[in-house]
Amino acid sequence: MITREQIDIVLDHPVHDARGDKIGDARHVFFDDVTGEPEWVSVRTGLFGTSESFVPIHDAALVEDHLEVPFAKDQVKDAPNVDVDAGGHLSEQEEQRLYQYYGIDWDASWQDPHAGTGRTTGTTGTTGTTGTTGTAGTAGTAGTAGTADQAMTRSEEEMHVGVERREAGRARLRKYVVTEEQQYTVPVRHEEVRVEREPITDANRDRAMTGPDITEAEHDVTLYEEQPVVETRAVPKERVRLTTEEVTEEETVTGEVRKERIESEGTDEHGDRRRRP
């Protein structure tokens with residue numbers, strides 16, 4: 001069980017379930033009006049800690065730097081919503097609803113002096129936090145039997161801004177074939193016929209006189225030429241891949257927060273009402 005002396009350690013520290021999963025951060029601790037013992041703790045849950053869920057603190061334990069409660073994370077997050085803005089108290093109906101949700105016997109709690117606020121009207125006090133430092137504030141409307149603190153708690157909203165990751169688009173590599181014309185100039189050779197005449201000399205006379213004296217004859221010569229030949233081959237040129245890189249930009253967000261103001265009213269000696277900030 002958590003004692004009053006341990007409240008400073010609980011506030012603004014993580015709250016885990018029995019499996020060790022973090023539920024959220026402790027926001028407020030509510031006290032029994034009669035015994036003055038811690039009875040409930042509100043836990044900030046949801047995106048950016050915008051929701052508060054109530055969980056019994058009676059069987060909770062401090063484990064290192066966090067509070068551990070004997071309830072599952074989903075059970076705590078789905079607990080009934082309770083409005084404690086008006087005076088920082090739980091009504092008897094709200095407590096009964098929370099007791100029923102967590103499976104705690106409301107009737108038995110009246111008989112057990114350590115079982116909780118069922119022995120009282122069901123209202124509990126609250127210990128809050130100041131500013132953004134997370135330090136414990138002062139006890140709220142917690143009281144002893146027959147007495148009530150006349151102080152008023154002033155609260156204000158704080159804006160918490162975070163980021164969420166979402167899909168912004170897709171990129172795809174696609175390979176396709178295009179055809180383009182290329183021109184190359186290459187030298188080609190061919191053979192042409194040239195008639196050479198050789199006079200009869202003593203050196204070639206014997207070969208010239210071997211044939212018949214006068215006759216008809218033909219002699220063929222084969223001519224050759226070169227022609228351009230084109231062939232293509234696939235040659236690897238480069239490798240292309242898609243990668244991503246993170247670019248950090250600054251964006252300004254605007255939101256509205258509400259603040260409570262407290263002013264006092266009184267009357268002067270003439271009976272006129274005066275208002276003080």
Student: If you apply the rule side chain to side chain donor-acceptor pair (under 3.5 Å), what do you find for His66 with Glu64, and how did you get there?
Tutor: CA-CA 6 Å; His66 66 270; Glu64 297 179 352; 5.1 Å; no
Student: Got more than 12 heavy atoms from elsewhere within 6.0 Å of CZ, Arg154?
Tutor: yes
Student: For Val69 and Tyr102, what are the C-alpha separation, side-chain angles and deciding distance, and is it a side chain to side chain contact (heavy atoms under 4.5 Å, CB included)?
Tutor: CA-CA 12 Å; Val69 296; Tyr102 284 106; over 6 Å; no
Student: Give a yes or no answer on whether the side chain of Asn81 reaches the backbone of Glu52 with a donor-acceptor pair at less than 3.5 Å.
Tutor: no
Student: What's the shortest heavy-atom distance between Asp65 and His13, and which atoms?
Tutor: O-CD2, 3.4 Å
Student: List the atom of Asp74, the atom of Tyr101, and the distance in Å for their closest heavy-atom pair.
Tutor: O-OH, 4.4 Å
Student: Nearest 0.5 Å, what's the CD1-CD1 distance between Ile57 and Ile7?
Tutor: 5.5 Å
Student: Going by heavy atoms in the side chains, are Trp40 and Pro56 under 4.5 Å from each other?
Tutor: yes
Student: List the steps, then state whether side chain to side chain contact (heavy atoms under 4.5 Å, CB included) holds for Glu180 with Val178.
Tutor: CA-CA 7 Å; Glu180 61 182 18; Val178 297; 5.6 Å; no
Student: Just do the side chain to side chain contact (heavy atoms under 4.5 Å, CB included) check on Asp12 and Arg44 with the steps written out, would you?
Tutor: CA-CA 9 Å; Asp12 285 334; Arg44 285 179 295 195; 2.9 Å; yes
Student: How about Asp25 and Val43: do any of their side-chain heavy atoms sit closer than 4.5 Å?
Tutor: no
Student: Measuring from Phe54:CZ to His28:NE2, what's the distance to the nearest 0.5 Å?
Tutor: 8.5 Å
Student: Go through the steps to decide whether Val230 and Tyr184 satisfy the test side chain to side chain contact (heavy atoms under 4.5 Å, CB included), and finish with yes or no.
Tutor: CA-CA 10 Å; Val230 177; Tyr184 292 92; over 6 Å; no
Student: Determine whether Glu238 and Val240 make a side-chain contact, defined as any pair of heavy atoms from C-beta on separated by less than 4.5 Å.
Tutor: yes
Student: Quick one: does Asp17's side chain get under 4.5 Å of Val76's, heavy atoms only?
Tutor: no
Student: Just how far is it from atom OG of Ser53 to atom CZ of Phe71, taken to the nearest 0.5 Å?
Tutor: 13.0 Å
Student: Considering only heavy atoms from C-beta outward, does the side chain of Glu196 approach that of Arg194 to under 4.5 Å?
Tutor: yes
Student: If only atom types and distance count, is the side chain of Glu157 paired as donor or acceptor with the main-chain N or O of Arg258 below 3.5 Å?
Tutor: yes
Student: Are Glu225 and Gln227 close enough that some pair of their side-chain heavy atoms sits under 4.5 Å apart?
Tutor: yes
Student: Just verifying a value: how many Å separate Leu242 CG and Arg170 CZ, rounded to the nearest 0.5 Å?
Tutor: 12.5 Å
Student: About how many Å separate CG of Asp21 and CD of Glu68, when rounded to the nearest 0.5 Å?
Tutor: 10.5 Å
Student: Hey, does Val15 have a side-chain heavy atom less than 4.5 Å from the side chain of Arg27?
Tutor: no
Student: Using 4.0 Å as the upper bound for N to carboxylate O, is an ion pair formed by Glu246 and Arg165?
Tutor: yes
Student: Check whether Tyr224 reaches the backbone of Arg189 with its side chain - one donor and one acceptor, N or O, closer than 3.5 Å.
Tutor: no
Student: Report yes if the side chains of Val63 and His16 come closer than 4.5 Å at any heavy-atom pair, otherwise no.
Tutor: no
Student: CD of Gln100: more than 12 outside heavy atoms within 6.0 angstrom?
Tutor: no
